Amino acid sequence: MGLAQKEKRISIIRWLIEDYKIAYAPSISSLREIIEREKQGILNRQKDILIFGDPFFGPKEEEAQTEAKGLASSDSFNLRRLKYSGREIERIAAFFKKKRIDIFKRKEATEEQLKRLNLNDYKILHFATHSLIDNKKPDNSSIVFALGNAVTEDGRLRMSEILNLKLNADLVTLSACETGLGQYIRGEGIEGLSRAFFYAGASSAIISLWAVHDQASSQFMERYYHYLRSSRSIMDSLQKTKLELIGSGTLAHPYYWAGFVAIGDAEKIISPAVNKKLIFIILFLLLAGGTGSLLLLKKFRPSVLA
C-alpha cells in the first residue's frame, strides 16, 4: 500500500477517542486504594507543579544518535539529549504562577535534588527525560536524571526508589519513552513505574506505551497543560489534546498522540474554575456592609460642642 493510500485510509477512520474520554485503572484493587486514600483528605500543598527536564547526560549527549530503548548490559551507556524537552518545560511553566512552580533542568536536574525536596508540597510532578524499562526485572526500571556530576546517586531513579518517595500528587506526568510498560502480573496488571508512583502517593499518571517523538511530545504536552489549566479533568484534557492533534494534519498519525494514556483517578479537575460571579457578589456584599457601617457610625456619632 502506497503512502497516499495509507494517509487516505487513516483519514476515513474514526478513532475511539473522538467519542469517548478514556482512562485506565492499574487494577481494581489499586484504584480502590487510591480512592480510599483521597477520602482521608489531602494536605494543603504550597506548589502547583514540580518539573524535571532536559537533564545533562554527559559530554557525548549531543553526538549520541539513538535513544535508549531498554537497559544496557551495564550501567555505562550513552543517552542523546532531548533538545525539545527544554522547550517543553518552559512552555508548561508559562501556564503557572512563578511562585507556585519549581523547575530543575540540565545539570540541576539531578536525582539528589529530587530527593532533597518535600514532594508532599506539589500537586503535579512532571518528568521530561529518558526512561529505561526492564520488563523482566521491573524494580530495575528507572527515570534518568542528570548524569556525571552526582555525589551520592547514580542518576537513575529506579522503581524500587520511587516506592519510598512520599507524594501527595494529583498527577505524575512521565513524558518519556515506554513509561507504561513493565511486567504483567495476572490479576494486578502491569508492574511498572506508574504503579510505584501510585504506591508513593500519586492519584493519577500520564504514561507512554511506546517510544515517543521528542518534538511532537513537546507540542503534545504544551497543549495538554493548556487544557488541564482550563478547568478540565485529566482525562478530558487528554481527549481534547488528542483531538487537536488529529485535526492538525502534521501530527494526525496515531504514533504522535495515541501512545500517551491516563491511568488512575483521571476524572479529577486539578485546576477548578474560579467562580468570578460568586466572588463579585461576596465583594459587593462586603463593600455594601462596610458602607452601611460607615453610614450608621456617621448617623449616631455624638455631637461635639465647641
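What you see is a predicted model, and the numbers here were worked out from it, not measured in a lab. Count residues from 1 along the sequence.
- Note on Leu167 and Ile270: same hydrophobic cluster, where clusters join Ile, Leu, Val, Met, Phe, Trp and Tyr whose side-chain heavy atoms are under 4.5 Å apart, directly or indirectly.
- For the pair Leu125/Leu171, no side-chain contact is recorded, criterion being any heavy-atom separation below 4.5 Å from C-beta on.
- Between the Glu112 side chain and the Thr152 main chain, a donor and an acceptor come within less than 3.5 Å of each other.
- Using a 4.5 Å cut-off on side-chain heavy atoms (C-beta onward), Lys123 and Arg100 make contact.
- Side-chain contact between Lys268 and Ser204: absent, with no pair of heavy atoms (C-beta onward) separated by less than 4.5 Å.
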Item to check | Test side-chain contact (heavy atoms from CB on, under 4.5 Å) applied to Asn78 and Phe57, step by step | outcome: CA-CA 8 Å; Asn78 294 323; Phe57 296 131; over 6 Å; no
Next on the checklist: For a side-chain contact (heavy atoms from CB on, under 4.5 Å) check, start with the C-alpha distance between Trp257 and Glu244, then their side-chain angles and the critical distance, and finish with the verdict.
Outcome noted: CA-CA 10 Å; Trp257 53 264; Glu244 186 172 332; over 6 Å; no
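- Side-chain contact annotation: Ser175 with Glu88, donor-acceptor N/O pair under 3.5 Å present.
- Smallest separation of non-hydrogen atoms from Ala262 and Ala266: CB-CB, 4.0 Å.
- A donor-acceptor contact shorter than 3.5 Å links the side chain of Arg229 to the backbone of Phe95.
- With a 4.5 Å cut-off on side-chain heavy atoms, Asp19 and Arg14 count as touching.
- Under the 4.0 Å criterion applied to side-chain N and carboxylate O atoms, Asp170 and Arg45 are assigned as salt-bridge partners.
- Put simply, the side chain of Glu61 reaches to within 4.5 Å of the side chain of Phe56, judged on heavy atoms.
- Closest non-hydrogen pair, Gln46 versus Asn44, comes out as NE2-ND2, 3.3 Å.
- The CD atom of Glu90 lies 13.5 Å from the OH atom of Tyr84; values are rounded to the nearest 0.5 Å.
- Distance check, rounded to the nearest 0.5 Å: OG1 of Thr250 to CG of Leu245 gives 9.5 Å.
- Under a 3.5 Å cut-off, the side chain of Ser131 and the backbone N or O of Cys177 do form a donor-acceptor pair.
- The aromatic rings of His126 and Tyr225 sit perpendicular, their planes meeting at an angle over 60°, well past the 30° parallel limit.
- Using a 4.5 Å heavy-atom cutoff, the side chains of Leu181 and Ile207 are not in contact.
- Of the residues listed (Tyr24, Tyr255, Tyr224, Phe220), the one engaging Phe260 in a ring pair (Phe, Tyr, Trp, His ring centres under 6.0 Å) is Phe220, and it is the only one.
- Salt bridge present: Lys115 and Glu111 bring a charged side-chain N and a carboxylate O closer than 4.0 Å.
- Distance NZ/Lys97 to CG/Asp48: 8.5 Å, rounded to 0.5 Å.
- Under the side chain to side chain donor-acceptor pair (under 3.5 Å) criterion, Asp265 pairs with no residue at all, not counting sequence neighbours.
- Residues that satisfy the salt bridge (charged side-chain N to carboxylate O under 4.0 Å, His left out) test with Arg91, not counting sequence neighbours, are Glu222.
- In terms of heavy atoms, Pro254 sits closest to Trp15 at CG-CH2, 3.8 Å.
- A donor-acceptor distance shorter than 3.5 angstrom exists from the side chain of Arg37 to the backbone of Ala202, with no hydrogens or angles considered.
- Summarising the geometry, atom CD1 belonging to Ile246 is positioned 11.5 Å from atom CG belonging to Leu251; distances are rounded to the nearest 0.5 Å.
- Taking both residues in full, the closest heavy atoms of Gln183 and Pro138 are given as CB-CG, 3.4 Å, listed atom of the first, atom of the second, then distance.
- Under 4.0 Å is where a charged nitrogen must lie from a carboxylate oxygen, and between Asp102 and Lys47 at least one such pair does.
- Hydrophobic cluster membership is shared by Phe127 and Leu209, with clusters built from Ile, Leu, Val, Met, Phe, Trp and Tyr side chains linked at under 4.5 angstrom.
- Clustering ILVMFWY residues whenever any of their side-chain heavy atoms sit less than 4.5 angstrom apart, transitively, puts Leu163 in a cluster other than the one holding Leu132.
- Dense packing is recorded around CD of Glu18, with more than 12 heavy atoms of other residues, nucleotides or ligands lying under 6.0 Å away.
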Next on the checklist: Under the criterion side-chain contact (heavy atoms from CB on, under 4.5 Å), I'd like the reasoning laid out for Ile133 against Asn140: C-alpha separation, chi angles, the key distance, then a yes or no.
Outcome noted: CA-CA 7 Å; Ile133 305 299; Asn140 206 29; over 6 Å; no
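- Residues Arg106 and Pro55 approach most closely at NH1-O, 3.2 Å, considering heavy atoms.
- At least one donor-acceptor pair under 3.5 Å links the side chain of Ser231 to the backbone N or O of Ser271.
- No more than 12 heavy-atom neighbours from other residues, nucleotides or ligands sit within 6.0 angstrom of CZ on Arg32.
- Atoms CD1 and CD1, from Ile101 and Ile92 in turn, are 10.5 Å apart once rounded to the nearest 0.5 Å.
- One hydrophobic cluster holds both Ile51 and Phe104 under the rule that ILVMFWY side chains link at heavy-atom gaps under 4.5 Å.
- Using a 4.5 Å heavy-atom cutoff, the side chains of Ile143 and Arg156 are not in contact.
- With rounding to the nearest 0.5 angstrom, the NZ atom of Lys60 is 13.5 Å from the CG atom of Leu147.
- Closest heavy-atom contact between Ile190 and Arg195: O-NE, 3.2 Å.
- A donor-acceptor pair under 3.5 Å is absent between the side-chain atoms of Glu36 and the main chain of Glu33, judged by distance alone.
- A side-chain donor from one of Thr179 and Ser208 sits under 3.5 Å from a side-chain acceptor of the other.
- By the 30° and 60° cut-offs, the orientation of the rings of Tyr256 relative to His253 is perpendicular.
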Next on the checklist: If you apply the rule side-chain contact (heavy atoms from CB on, under 4.5 Å), what do you find for Leu228 with Ile124, and how did you get there?
Outcome noted: CA-CA 11 Å; Leu228 192 67; Ile124 304 170; 4.1 Å; yes
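- Hydrophobic clustering (side-chain heavy atoms under 4.5 Å, transitive across Ile, Leu, Val, Met, Phe, Trp, Tyr) keeps Val261 apart from Tyr184.
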Checklist entry - Going through the checks in order, is the salt bridge (Lys or Arg N to Asp or Glu O under 4.0 Å) test met by Arg81 and Asp54? => result CA-CA 7 Å; Arg81 180 183 180 183; Asp54 192 17; 2.8 Å; yes
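- For the pair Asn168/Tyr122, no side-chain contact is recorded, criterion being any heavy-atom separation below 4.5 Å from C-beta on.
- No donor-acceptor pair under 3.5 Å is formed between the side chain of Ser85 and the backbone N or O of Thr129.
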